**Student:** 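My questions all concern the structure below.
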There are 2 protein chains.
Amino acid sequence: MDTTLIAPKPRAAALGKREQTKAQNRQMILEAARGVFAELGYGATTVRDIIRATTLASGTFYNYFKSKEEIYQAIRDEAALAIRPQLRAERQKAATVEEFIQATFRTFFEIVTRDEVNFRTIRHSADATRMRMDTPEVIAGFEELREDIESGIARGVFPPIDADYLMAAIVGVAFEMTERILRRENRDAKAAADFATALFMGGIRALPHAGETPGGA
Amino acid sequence: MDTTLIAPKPRAAALGKREQTKAQNRQMILEAARGVFAELGYGATTVRDIIRATTLASGTFYNYFKSKEEIYQAIRDEAALAIRPQLRAERQKAATVEEFIQATFRTFFEIVTRDEVNFRTIRHSADATRMRMDTPEVIAGFEELREDIESGIARGVFPPIDADYLMAAIVGVAFEMTERILRRENRDAKAAADFATALFMGGIRALPHAGETPGGA
DNA sequence: CCGATCCATGACGAACCGTCAACTTTTGAC
DNA sequence: GTCAAAAGTTGACGGTTCGTCATGGATCGG
């Protein structure tokens, strides 16, 4: 295709210098935003705080994002886009309802405990208030889950239940339990996934009893 | 004008005029805030928007609330303080796990469908983003639920499970299902509560099948 | 080497923030 | 009824952030 004669730049420079610095700047701003949001909380940070944490000028921010809200969305969307294929792949390996549920919870909890920074629900700086924002790509992940449930119903793997409500139940448990898991000293993703799976498969009476030391890890 | 001679003002004037207008102003500001938040969404409203919707001057706002965040908190806390005693009372009537779960979901869903305005999760104005904020009194309600579960375990009504996780699961399902219920045309609090209760009692296989028209109401 | 294009820069006007001195109303004492 | 102290309201003010835009420097294609 193009060139050549001699070797093209080793890599990554398939893009011109222009495209390169643009990508760098965007990355620098996102990085700074992650840090500032984590430190000050969403409500307290300003666009100026973010840009001050980079080497760029204030006007430059607006070449990349429209507002504080949009960059926050970009950060969350990025995380959602990273996790969704993993969830979907695990679910599609499932042959039974139990495998489907187990895979969903285990994958989710493992990712969020491993990469806490990205998934920790943003907490308002000082006070006890908690906040959660679902961006478009996160919500698209919810819809994917519902589609997978519906497809399971169509194939006879799931009983013909209300897929919308079941999706909501799974999402609600996943996010709310995440909040509790991250608050604990021993973050045991597997134990949490076992708890949630048992609840969804057999109800409260099937839940592992606290204090038991199950054979597993 | 005020006359007197005869009966004291029929009621409510047990308080001096000062206390009276203070209560009125606070109420007027809260009322205006509810309206503005509902119209513009939390992120887009300013303290000035709220005070403009009253007859008061801008400085007066700060005699009652420190910030936009604090008045939002006050609104949510008010709702939480109203709903918590009802939830607790219903739960305490329960003699079995099933009654406990059923009462929790049914009471919650009935209240939120009846008084949608107060409980609808605040949505960011135009876009698809969703947001939820838990204020201290809401969180205190979570803790109450956990205490009730723990007390149930102590009395032998509940099996000895992880009360923290179960509380999180119930809360997560309640809030996330609320979001779906309010999006539907026919808001059936009972059907939703039956779904959630069946899930928690027997797991997915016990869920009512979609399309069934159960005998009950 | 040159003109065209792209983009970073930082200054600017507008909007909002939270405060505060001045003013009005209420209260309680005489 | 009168008056001084206390409480509370008012809107203007300095300070900060917002989003824009004219300017200028760097990159690109030729």
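All chains are named by letter (A, B, ...) in the order of the sequence lines, taking the proteins before the strands, and each is independently numbered beginning at 1. For clarity, every value in this text was computed on a predicted model and none was experimentally measured.
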**Student:** Round to a whole Å and report the spacing from CE of B:M28 to P of D:dT9.
**Tutor:**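 These atoms are roughly 9 Å apart.
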**Student:** Classify the side-chain pair B:T107/B:Q86 by whether it contains a donor and acceptor separated by less than 3.5 Å.
**Tutor:** no
**Student:** For the pair made of NZ in B:K66 and P in C:dT19, what is the distance, rounded to whole Å?
**Tutor:** 10 Å
**Student:** Salt-bridged, B:R88 to B:E147, with N to O below 4.0 Å?
**Tutor:** yes
**Student:** Once you round it to whole Å, what is the distance between P of C:dC12 and OH of A:Y62?
**Tutor:**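 Taking OH of A:Y62 and P of C:dC12, I get 18 Å after rounding.
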**Student:** CG of B:N63 versus C1' of C:dG18: gap in Å, rounded?
**Tutor:** 12 Å
**Student:** Decide whether A:S151 and A:D148 meet the rule of one side-chain donor and one side-chain acceptor closer than 3.5 Å.
**Tutor:** no
**Student:** I need a per-nucleotide contact map over nucleotides 25-30 of chain C, read 5' to 3'. Cutoff is protein heavy atoms under 4.0 Å; write B for the base, S for backbone only, - otherwise.
**Tutor:** BBS---
**Student:** Do B:F119 and B:F109 have their ring centres less than 6.0 Å from each other?
**Tutor:** no
**Student:** Nearest-Å distance, CZ (A:F61) to C1' (D:dC21)?
**Tutor:** 18 Å
**Student:** Between A:T55 and B:S58, which has a closest nucleotide on DNA chain C that is more 5'?
**Tutor:** A:T55
**Student:** Between D:dC18 atom C1' and A:R52 atom CZ, what is the distance in whole Å?
**Tutor:**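 My rounded result for the distance is 12 Å.
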**Student:** With no hydrogens and no angle check, is any side-chain donor or acceptor of A:K68 less than 3.5 Å from a backbone partner on A:Y42?
**Tutor:** yes
**Student:** Within the structure, does a side-chain N or O atom of A:T60 lie under 4.0 Å from either OP1 or OP2 of C:dT9?
**Tutor:** yes
**Student:** If you check the A:N25 side chain, which of C:dA8, D:dT9, C:dC17 turns out closest?
**Tutor:** C:dA8
**Student:** For B:R106, does the CZ atom sit with more than 12 other heavy atoms under 6.0 Å from it, leaving out its own atoms?
**Tutor:** no
**Student:** Whole angstrom is fine here: how far is it from CZ in A:R26 over to P in C:dC6?
**Tutor:** 19 Å
**Student:** A:I50 has an atom CD1; how far is it from atom P of D:dG19, in whole Å?
**Tutor:**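 In whole Å, D:dG19 P and A:I50 CD1 are 11 Å from each other.
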**Student:** Closest approach to the side chain of B:R48, judged atom by atom: which nucleotide of C:dC17, D:dT17, D:dG19 is it?
**Tutor:** C:dC17
**Student:** Which nucleotide, D:dG11, D:dT17, C:dA8, lies nearest any side-chain atom of B:A57?
**Tutor:** D:dG11
**Student:** Checking contacts here: which listed nucleotide (D:dG8, C:dA8, D:dG19) is nearest the side-chain heavy atoms of B:K22?
**Tutor:** D:dG8
**Student:** As a test of reading the structure: which of D:dG11, C:dA8, C:dT9 is closest to the side chain of A:Y64, going by heavy atoms?
**Tutor:** C:dA8
**Student:** Check whether A:R76 reaches the backbone of A:M133 with its side chain - one donor and one acceptor, N or O, closer than 3.5 Å.
**Tutor:** yes
